[in-house]
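Okay, so here's the structure we're looking at.
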Amino acid sequence: MTIQDTIYLSDYTPFGFIVEDVHLTFKLAPTTTRVISRIRFAPNPDSPSRDFFLHGEGLNLQWAKVDGADVTPEIIKGGLRCDVPDAAFTWECEVEIDPQGNTALEGLYMSNGMYCTQCEAEGFRNITFYPDRPDVMSKFTVRIEGDSPVLLSNGNPVDSGDGWAEWHDPWPKPAYLFALVAGDLRNFPGSFTTMSGRDVELNLWVRPGDEGKCAFGMEALKKSMTWDEETYGREYDLDIFNIVAVDDFNMGAMENKGLNIFNSAVVLASPETSTDSNFERIEAIIAHEYFHNWTGNRITCRDWFQLCLKEGLTVFRDQQFTGDMRGHAVKRINDVVTLRSRQFREDSGPLAHPPRPDQFVEINNFYTVTVYEKGAEVINMLKHLVGDDGYKKALDLYFARHDGDAATIEDWLQVFEDATGRDLTQFKHWYTDAGTPHLKVTDNFENGTYTLNFTQETAPTPGQDEKPARVIPIAVGLLNPNGDEVVPTQILEMTEAAQSYSFEGLNAKPVPSILRGFSAPVVLERETSATEQAFMLAHDTDPFNKWEAGHALTREVLINMTQGGTPDQGLLDGLAAVARDHSLDPAFRALALALPGQDNIASTLAARDITPDPDKIWRALQTLKQAVAQHLQDIWPRLLAEMATPGPYSPDAEPAGKRALHGVALSYLSQIDGGASAENAYASAGNMTEQLSALACLLSVEKGQDELAAFRKQWQNDRLVMDKWFGLQVSYASPQTCVETAQRLSQDDDFNWKNPNRFRAVFGALMMHHAGFHRADGAGYDLLADWLIKLDPVNGQISARMSTGYETWKRYDAARQAKARAALERINATPDLSRNLGEMVTRILGA
Ligand code: BES
Ligand code: ZN
């Protein structure tokens with residue numbers, strides 16, 4: 001496909017009209033829902049345009065009126081145009097839509113007999129004709145007519161009767177925050193009193209049978225409400241807050257005003273069916289969507305280029321929240337692992353783009369790790385640069401100045417400048433430039449003075465060749481050779497391409513701890529010895545860098561092993577010391593003992609211009625796993641005993657950390673005991689965390705077929721657990737059997753490929769199985785292509801997201817590249833490809 005219709009940030013102009021209010025009536029019917037709109041428009045004094053264009057897609061217009069008189073609008077691609085008065089007027093129309101036939105899950109659709117909406121980013125135009133852009137904000141009144149017992153929309157309930165309900169949202173909002181839900185739902189109620197003493201009714205709406213999986217989500221919501229009051233001074237602003245769980249949902253969850261809609265996988269939880277990571281994720285997503293009420297809803301985005309204004313900030317806020325709830329060290333390590341494995345990968349390939357892009361074809365393709373995770377990192381850097389007080393002042397000013405606005409990144413940076421007096425001109429490059437800076441460090445010590453010399457460099461990215469120097473906050477501390485900290489953490493502010501910093505009055509050459517807490521999203525390159533890394537693993541007082549030292553050491557050993565090296569004794573001893581160190585948090589120990597992912601090794605090799613060989617990487621990891629398992633063989637049984645969590649299950653961080661370490665010990669032990677311990681662990685598992693971790697251990701040593709069958713029998717009626725059953729088999733398959741496993745599962749009677757969770761369970765696991773997906777014969781590339789082509793006409797958002805499996809294709813050898821290219825070209829040659837997948841494949845293929 002050729003890319004047409006590119007939208008540019010520089011083309012922004014305000015809409016020619018303001019929307020004074022919106023009245024919507026829905027007459028629900030599965031294939032013939034009627035939507036009647038009555039909207040007051042007035043000329044926008046801030047816009048010269050009087051072009052009355054309303055977005056609308058897939059709508060069957062019945063009639064339209066302006067000020068009560070019939071009109072015949074011109075129906076054009078993507079919407080309609082109509083002649084309207086040069087003064088305030090009322091627009092009315094009726095459209096028919098087909099929720100049942102809506103498999104793309106954008107706009108109004110049906111899931112298990114329930115009506116549900118998803119309007120971000122541009123789904124409202126599938127519901128009725130409207131200026132579907134985030135800077136057009138209005139007050140919505142909604143009447144729903146339908147035979148479902150529960151009828152919900154945004155805002156506060158106004159009135160209801162048999163077969164109808166009315167809602168009014170007093171807060172002006174863009175159409176992307178509109179929501180409607182109707183169905184036979186059960187309520188898990190709660191309540192919250194805000195800091196100013198207002199009572200808020202809380203409801204969690206679920207399908208009959210899921211009532212027992214609501215308590216944790218409800219608690220998470222209350223914790224989030226309290227946290228945002230205490231930490232940011234933000235109070236909830238409606239009488240009611242509804243959350244609905246739905247099984248068919250493209251994303252995780254959505255922050256519709258007063259009516260959040262969640263993928264059931266990220267809100268329903270019970271100890272029997274959910275793992276510790278599920279619980280942690282649920283708490284974080286509930287917080288995230290709730291926090292959007294201020295950072296996203298009260299202050300929204302002027303246009304979709306500003307997406308990271310709400311998403312980066314809200315991710316930053318949910319990260320702070322999870323840190324406060326569950327411990328900052330482990331949270332930071334987990335976030336950096338995600339950032340490096342997904343965002344660095346994106347930032348160094350054909351899909352690289354800035355946190356604030358300046359052009360797109362399909363906005364859904366820009367809900368990326370760069371916008372989200374790097375967007376959050378940029379705020380973390382800002383906070384380092386202006387300090388905690390400066391950050392607080394800036395945020396207070398942001399809320400005071402922009403409440404009710406559709407704002408921009410410029411507005412955001414301006415509040416930091418005004419609140420702190422800092423000039424952020426150079427800092428802004430973090431928002432506008434793509435690519436991950438590489439920070440090189442050398443050091444020298446002379447006459448008691450220790451000097452660190454830094455250079456920074458960012459490789460060109462698609463469409464951006466020039467890469468001016470960034471402002472980089474580098475958190476540094478110094479240890480002396482006996483392991484004591486001689487210079488505590490301070491922030492060095494790098495602003496030039498090359499810069500040096502000196503520390504005077506030292507008795508001996510110190511060991512530097514650089515980029516503590518991962519103070520900037522950069523790749524740090526420094527020649528160090530394994531001895532020094534082992535020293536830092538043992539002594540660094542910064543928990544992130546302590547973990548990082550072990551991680552970097554392991555990674556170097558693995559890289560060495562891919563070139564024929566053998567496991568390093570120093571590393572094995574270092575890991576043994578960590579495993580035995582009872583002063584360390586079990587969750588931290590679990591992270592330190594985990595080996596880097598295959599893709600991480602591949603990325604590191606690619607960054608050094610070495611072609612990664614997926615089979616060699618897989619073998620190096622297997623060999624190292626064996627070596628660690630054997631070297632620490634007397635420690636594993638002890639850890640299994642020490643990390644047992646008898647008694648009733650609690651998802652709290654402390655027992656979850658113990659279970660994580662227990663799981664790591666079991667997985668190493670399985671490497672040397674043929675799966676015997678894992679079989680016992682499976683048989684005696686008291687919760688899903690233990691059950692799943694034991695099953696994974698068995699599958700990874702090519703055992704567990706009986707357990708797999710038993711698991712299916714036990715959980716066949718639980719769709720969320722069955723997603724795990726599907727995914728696990730692919731994730732823990734060997735490189736040789738991974739593709740066939742995915743292929744076989746895709747033929748299973750329970751493989752409902754139109755359900756995004758089930759599709760992702762199998763094909764998400766395939767694209768993330770490095771050696772399996774990048775199999776030399778191209779079978780992984782071909783199977784994914786077959787399914788993306790099949791899925792695309794049904795759900796273009798999901799097919800596009802999953803095409804990122806190919807984003808690293810140019811890293812590999814010529815034979816693999818040829819196979820990947822053939823698969824991508826086959827997708828590209830498919831007639832009527834969605835705009836979503838078309839744009840992605842074009843970008844991945846590159847010029
Ligand atoms: N606003 C998004 C949901 C969304 C994403 C709607 C893309 C339309 C297109 C929501 O706030 C969100 O970011 N959800 C994340 C989870 C979050 C914890 C990062 C998601 O759905 O994955
Ligand atoms: Zn969000």
Original post:
side chain to side chain contact (heavy atoms under 4.5 Å, CB included) with Gln414: which residues, sequence neighbours excluded?
Top reply: Arg401, Glu417, Asp418
**OP:** Please determine, by modelled atom types, if Tyr176 and Gln118 share a side-chain donor-acceptor pair under 3.5 angstrom.
**Re:** no
Original post:
According to the interplanar angle, ranging from 0 to 90°, do the rings of Phe366 and Phe360 count as parallel (below 30°), tilted (30 to 60°) or perpendicular (above 60°)?
Top reply: tilted
**OP:** Would you tell me whether Ser341 and Asn600 have side-chain atoms, one donor and one acceptor, within less than 3.5 Å of each other?
**Re:** no
**OP:** Would you mind checking if Glu527 and Lys440 are paired as a salt bridge, meaning a charged N to carboxylate O distance below 4.0 Å?
**Re:** no
Original post:
Would you say the side-chain atoms of Asp135 and Tyr12 include a donor-acceptor pair closer than 3.5 Å?
Top reply: yes
Original post:
Under 3.5 Å, is there a donor-acceptor pair linking the side chains of Glu525 and His438?
Top reply: yes
Subject >> salt bridge (charged side-chain N to carboxylate O under 4.0 Å, His left out) contacts touching residues 285-307 (sequence neighbours left out) >> reply: Asp237-Arg298, Arg298-Asp403
Original post:
Without hydrogens or angle criteria, can the side chains of Arg470 and Gln456 be said to hold a donor-acceptor pair below 3.5 Å?
Top reply: no
**OP:** With sequence neighbours excluded, give me every ring-ring contact (aromatic ring centres under 6.0 Å, His included) pair touching residues 307-341.
**Re:** Trp227-Phe321, Phe291-Phe321, Phe316-Tyr391
Original post:
Met536 and Pro512: which non-hydrogen atoms are nearest, and at how many Å?
Top reply: CE-O, 3.6 Å
Subject >> Side chain to side chain, Met840 and Asn836, heavy atoms closer than 4.5 Å >> reply: no
**OP:** Among Trp430, Tyr398, Phe427, find the one that has a ring pair (Phe, Tyr, Trp, His ring centres under 6.0 Å) with Trp412.
**Re:** Tyr398
Original post:
Is it true that a side-chain atom of Asp484 and a backbone atom of Asn480 form a donor plus acceptor pair closer than 3.5 Å?
Top reply: no
Original post:
Do you know which two heavy atoms are closest between Glu496 and Ala469, and how far apart they sit?
Top reply: C-CB, 3.9 Å
Original post:
Between Gly258 and Leu238, which heavy-atom pair has the shortest distance, and what is it?
Top reply: CA-CD1, 3.8 Å
Subject >> Pair Glu219 + Lys222: basic N to acidic O under 4.0 Å >> reply: yes
Original post:
Could you give the distance from CG (Leu259) to CD (Glu255), rounded to the nearest 0.5 Å?
Top reply: 12.0 Å
Original post:
If you measure only the distance, is there a donor-acceptor pair under 3.5 Å linking the side chains of Thr314 and Thr295?
Top reply: yes
Subject >> Test side chain to side chain donor-acceptor pair (under 3.5 Å) applied to Asp423 - qualifying residues, sequence neighbours left out >> reply: Thr425
**OP:** Please determine if Glu377 and Arg332 form a salt bridge, counting it only when a charged side-chain N lies under 4.0 Å from a carboxylate O.
**Re:** yes
**OP:** State which residues pass side chain to side chain contact (heavy atoms under 4.5 Å, CB included) with Glu235; sequence neighbours excluded, sorted by chain then number.
**Re:** Thr194, Met195, Ser196, Arg198, Glu229
Distance-only criterion, 3.5 Å: show the donor-acceptor pairs between side-chain atoms of residues 513-521 and protein atoms not counting sequence neighbours.
residue: Ser513; atom: OG; partner: Arg516; partner atom: NE; Å: 2.8
residue: Ser513; atom: OG; partner: Asp540; partner atom: OD1; Å: 3.4
residue: Ser513; atom: OG; partner: Asp540; partner atom: OD2; Å: 2.6
residue: Ser513; atom: OG; partner: Asn545; partner atom: ND2; Å: 2.9
residue: Arg516; atom: NH1; partner: Glu485; partner atom: OE1; Å: 2.8
residue: Arg516; atom: NH1; partner: Thr489; partner atom: OG1; Å: 2.9
residue: Arg516; atom: NH2; partner: Glu485; partner atom: OE1; Å: 2.8
residue: Arg516; atom: NH2; partner: Asp540; partner atom: OD1; Å: 2.8
residue: Arg516; atom: NH2; partner: Thr541; partner atom: OG1; Å: 3.3
residue: Ser519; atom: OG; partner: Pro473; partner atom: O; Å: 2.8
residue: Ser519; atom: OG; partner: Ala475; partner atom: N; Å: 3.0

**OP:** Answer yes when Glu410 and Arg356 have at least one side-chain N-carboxylate O distance shorter than 4.0 Å, and no when they do not.
**Re:** yes
Subject >> Residue pair Thr436 / Lys374, side-chain donor-acceptor N/O under 3.5 Å >> reply: no
Original post:
Are Asp335 and Lys331 within salt-bridge range, i.e. N to O under 4.0 Å?
Top reply: yes
**OP:** State, to 0.1 Å, how close Tyr431 and Leu413 come at their nearest heavy-atom pair, and which atoms those are.
**Re:** CE1-CD2, 4.0 Å
Subject >> Partners passing side chain to side chain contact (heavy atoms under 4.5 Å, CB included) against Leu307 (at least two apart in sequence or in another chain) >> reply: Glu120, Trp304, Lys310, Glu311, Tyr367, Val371
Subject >> Minimum-distance pair of heavy atoms, taken over all atoms of Pro14 and Asn44 >> reply: CB-ND2, 4.2 Å
Subject >> Polar side chain donor-acceptor pair, Asp228 to Tyr290, under 3.5 angstrom >> reply: no
**OP:** Taking atom types as modelled, find out whether Thr368 and His353 have a side-chain donor-acceptor pair closer than 3.5 angstrom.
**Re:** yes
Original post:
Between Ser502 and Thr451, do the side chains contain an N or O donor and an N or O acceptor separated by less than 3.5 Å?
Top reply: yes
Subject >> Non-neighbouring partners of Trp547 that pass ring pair (Phe, Tyr, Trp, His ring centres under 6.0 Å), sequence neighbours left out >> reply: Phe544, His551
Original post:
Between Gln343 and Thr370, is any side-chain donor less than 3.5 angstrom from a side-chain acceptor?
Top reply: yes
**OP:** Please check if the side chain of Ser803 supplies one atom and the backbone of Ala800 the other of a donor-acceptor pair under 3.5 Å.
**Re:** yes
Subject >> Salt bridge Lys393-Asp389, side-chain N to carboxylate O under 4.0 Å >> reply: no
Original post:
Counting distance only, does the side-chain N/O of Asn256 pair as donor-acceptor with the main-chain N or O of Asn260 below 3.5 Å?
Top reply: no
Original post:
How far apart are the C-alpha atoms of Ser603 and Arg811, what are their side-chain angles, what is the distance that settles it, and do they pass the side-chain hydrogen bond (donor to acceptor under 3.5 Å, both in side chains) test?
Top reply: CA-CA 8 Å; Ser603 302; Arg811 282 181 186 167; 3.1 Å; yes
Subject >> side chain to side chain donor-acceptor pair (under 3.5 Å) against Ser224, all qualifying residues, sequence neighbours excluded >> reply: none
Original post:
Do Arg317 and Thr231 have side-chain atoms, one donor and one acceptor, less than 3.5 Å apart?
Top reply: no
Original post:
What residues form a side chain to side chain donor-acceptor pair (under 3.5 Å) with Asn380, not counting sequence neighbours?
Top reply: none
**OP:** May I ask you to decide whether Lys173 forms a salt bridge with Asp169, counting only side-chain N to carboxylate O separations under 4.0 Å?
**Re:** yes
Original post:
Just checking, any donor-acceptor pair under 3.5 angstrom between side chains of Asn444 and Asn453?
Top reply: yes
Original post:
What pairs with Arg555 under side chain to side chain donor-acceptor pair (under 3.5 Å), at least two apart in sequence or on another chain?
Top reply: none
Original post:
Residues two or more places apart in sequence or in another chain: which of them pass side chain to side chain contact (heavy atoms under 4.5 Å, CB included) with Arg342?
Top reply: Thr338, Val369
